[in-house]
Chemist: 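Quick one: this structure, given as structure tokens, is what I'll be asking you about.
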Amino acid sequence: MNVNDVSFERERPDVYGDAHPKALLRAIQEDGDYLVQLANQHIVSGDQFNQETMKQLFRLAAKIESNPKRFSSPLQNKILISAFYEPSTRTRLSFESAWHRLGGDIMSITDRSTTGIAKGECLADVAEMFNNYGDCVVLRDTQESSLFEMMDALRIPIINAGNGVDEHPTQALSDMYAIFKWRPELIDPANNTSIKLGIIGVPNKMRTVRSFLKCLSVFPHAVSEVVVIHDSASESELFGQGQREELESRGLKVTTSNDLDACLPSLDVVYINAISWEGDTFNTYGSKFHLNAQSPLKDNAIILHPLARGEELATDLDHTAHNWYFSQARGAVFLRMALLTCMVERAERVIDVV
């Protein structure tokens, strides 16, 4: 740090992996009908998205990212209830930034102890009140069941922003958006292109990995193989009951390995995570696996990470072309802008906008 020069460059690209979204925009033909349908859905799981809906969300996100100043008012007079009962930085601020950028207002809850829940109020009653206060709810909770307890009482949409070890669907959508921005040709099966992808993590214990695999399986033509890289201690709990079989039935080729360095030279995408929230605390898996600038990565491979990171991902990779994890986090704002607009019946304000 030079205290004699405190200037900064606004025109410098925000992050490495700053692929321009217009290539992805051109790769997908607009069909707004799929976006309009999202107004009648809660967002609970990666299972609920088909290929066409995901493609239209990616197209809208790319359209917004290409010209964000054109999309500053679709959510005027709409209120988001941002209920984060589990610690969060990126996900909460990403959703709130997305809503604010679209012109909406926010009520934010970040501490369960300041709510009626701390007095024993049931979540169904909380949801009933939310119906009167806002137009959409984003919920993160340490318990898997909290989301479902609220859903039955809600007459406004709710988005699962992470429920225990279960799922984190919008993170997975953001992960897919990053991949397709990097390689737009993967969208179309007719291009006959695919990638080999490695996941360092435990699909049965990590909600980001679980949802990401579900979304990947919607585009099996784009993935030649998924290698799940894990340590021997995780062997018995790597997949939940039927989890691997379901992915394979959708067309994914899933293999496993304990040797990270042996896999890296053949991987086009490396998705690494280490933390799993379980109850009111978290566990770390695969602590022996680390990526750094000396790792034997393929020259044009990219690294994705849902963040926050620990020792598993070294900072000496930040200024290399492998770094797509910051771009991944940046793109999540635009993906969530697209999704939120559709969920509160404002899709008509962004469809056909050039």
Side-chain angles (χ1 to χ4, degrees), residues 19-80 94-95 97-104 134-138 154-160 169-181 183-191 211 214-219 221-222 330-354:
H20 201 286
K22 284 190 176 178
L24 178 58
L25 187 62
R26 290 191 294 267
I28 305 169
Q29 184 174 350
E30 185 170 71
D31 187 342
D33 289 345
Y34 290 96
L35 299 177
V36 172
Q37 293 169 15
L38 289 168
N40 299 315
Q41 298 180 31
H42 299 302
I43 302 302
V44 177
S45 167
D47 282 327
Q48 69 191 86
F49 294 101
N50 59 37
Q51 192 173 120
E52 287 303 319
T53 300
M54 288 174 68
K55 284 166 62 176
Q56 291 306 315
L57 275 173
F58 300 152
R59 188 185 194 282
L60 179 54
K63 184 161 63 170
I64 295 171
E65 186 174 2
S66 298
N67 193 359
K69 291 181 180 179
R70 294 292 301 273
F71 299 89
S72 60
S73 61
L75 298 189
Q76 279 185 346
N77 301 317
K78 293 287 188 178
I79 298 173
L80 177 71
S94 177
F95 269 111
S97 174
W99 195 272
H100 277 305
R101 286 169 183 264
L102 292 164
D135 300 285
C136 183
V137 181
V138 177
L154 283 170
R155 298 184 296 280
I156 57 175
I158 188 169
I159 298 176
N160 178 7
T170 63
Q171 177 63 54
L173 291 172
S174 303
D175 302 338
M176 297 294 292
Y177 179 54
I179 289 173
F180 287 129
K181 274 203 301 177
R183 294 277 299 274
E185 68 273 17
L186 292 170
I187 277 280
D188 189 351
N191 290 327
S211 291
K214 288 184 176 187
C215 288
L216 270 181
S217 71
V218 178
F219 294 88
H221 67 269
R330 178 180 186 270
V333 176
F334 301 105
L335 186 284
R336 288 171 174 139
M337 288 174 74
L339 180 64
L340 289 165
T341 301
C342 299
M343 292 185 68
V344 293
E345 301 178 293
R346 292 288 174 88
E348 76 283 352
R349 299 193 180 191
V350 294
I351 294 171
D352 297 325
V353 174
V354 178

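Sequence positions, counted from 1, serve as the residue numbers for this chain.
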Chemist: To the nearest 0.5 Å, what is the distance between SG (C215) and CD (Q51)?
Modeler: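 Answer rounded to 0.5 Å: 12.0 Å.
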Chemist: Working note: L186 + F219, criterion side-chain contact (heavy atoms from CB on, under 4.5 Å); need CA distance, chi angles, decisive distance, verdict.
Modeler: CA-CA 9 Å; L186 292 170; F219 294 88; over 6 Å; no
Chemist: With side-chain contact (heavy atoms from CB on, under 4.5 Å) as the criterion, how do L24 and R59 come out once you've worked through the C-alpha distance, each side chain's angles and the decisive distance to 0.1 Å?
Modeler: CA-CA 7 Å; L24 178 58; R59 188 185 194 282; over 6 Å; no
Chemist: Side-chain donor-acceptor pair under 3.5 Å between R349 and T341, yes or no?
Modeler: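 Looking only at side-chain atoms, T341 and R349 do not form any donor-acceptor pair under 3.5 Å.
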Chemist: Without swapping roles, check the side chain of K63 against the backbone of V350 for a donor-acceptor pair under 3.5 Å.
Modeler: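 Yes: the side chain of K63 pairs with the backbone of V350.
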Chemist: Would you call L60 and C342 a side-chain contact if the rule is heavy atoms closer than 4.5 Å?
Modeler: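 Counting from C-beta outward, L60 and C342 do come under 4.5 Å.
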Chemist: Between atom CD of Q48 and atom NZ of K214, what is the distance when rounded to the nearest 0.5 Å?
Modeler: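 It comes to 10.0 Å.
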Chemist: Would you check if the side chain of D135 reaches a backbone N or O of V344 as a donor-acceptor pair within less than 3.5 Å?
Modeler: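 No.
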Chemist: Quick one: do L80 and L75 satisfy side-chain contact (heavy atoms from CB on, under 4.5 Å)? Show the steps, please.
Modeler: CA-CA 10 Å; L80 177 71; L75 298 189; over 6 Å; no
Chemist: Which heavy atom of E345 sits nearest to which heavy atom of A39, and what is that distance?
Modeler: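 Shortest heavy-atom contact: CG-CB, 3.7 Å.
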Chemist: As an exercise, state the distance from CZ of R330 to OH of Y177, rounded to the nearest 0.5 Å.
Modeler: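 If I round to the nearest 0.5 Å, the distance is 8.5 Å.
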Chemist: Let me confirm one number: the NZ-CD distance from K22 to E65, rounded to the nearest 0.5 Å.
Modeler: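 With rounding to 0.5 Å, NZ (K22) is 11.5 Å from CD (E65).
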Chemist: With no hydrogens and no angle check, is any side-chain donor or acceptor of S97 less than 3.5 Å from a backbone partner on S94?
Modeler: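 The answer is no, because no donor-acceptor pair under 3.5 Å joins these two groups.
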Chemist: Go through the steps to decide whether E52 and D31 satisfy the test side-chain contact (heavy atoms from CB on, under 4.5 Å), and finish with yes or no.
Modeler: CA-CA 9 Å; E52 287 303 319; D31 187 342; 5.7 Å; no
Chemist: Would you say the side-chain atoms of D175 and Q171 include a donor-acceptor pair closer than 3.5 Å?
Modeler: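 Q171 and D175 do have a side-chain donor-acceptor pair below 3.5 Å.
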Chemist: To the nearest 0.5 Å, what is the distance between CE (M54) and CD1 (I28)?
Modeler: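 Here the rounded value is 10.5 Å.
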Chemist: Parallel under 30°, tilted from 30 to 60°, perpendicular over 60°: which one fits the rings of F58 and F180?
Modeler: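 Geometry flag for F180 against F58: tilted rings.
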Chemist: First locate atom CG of L339, then atom SG of C136, and finally report the distance between them rounded to the nearest 0.5 Å.
Modeler: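 Here the rounded value is 8.0 Å.
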Chemist: Quick one: does any side-chain atom of Y34 pair with a main-chain N or O of L57 as donor and acceptor, under 3.5 Å?
Modeler: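 No, the answer is negative, given that no donor and acceptor are paired below the 3.5 Å cut-off.
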Chemist: Has R346 got a side-chain atom pairing as donor or acceptor with Q76's backbone, closer than 3.5 angstrom?
Modeler: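 Yes: the side chain of R346 pairs with the backbone of Q76.
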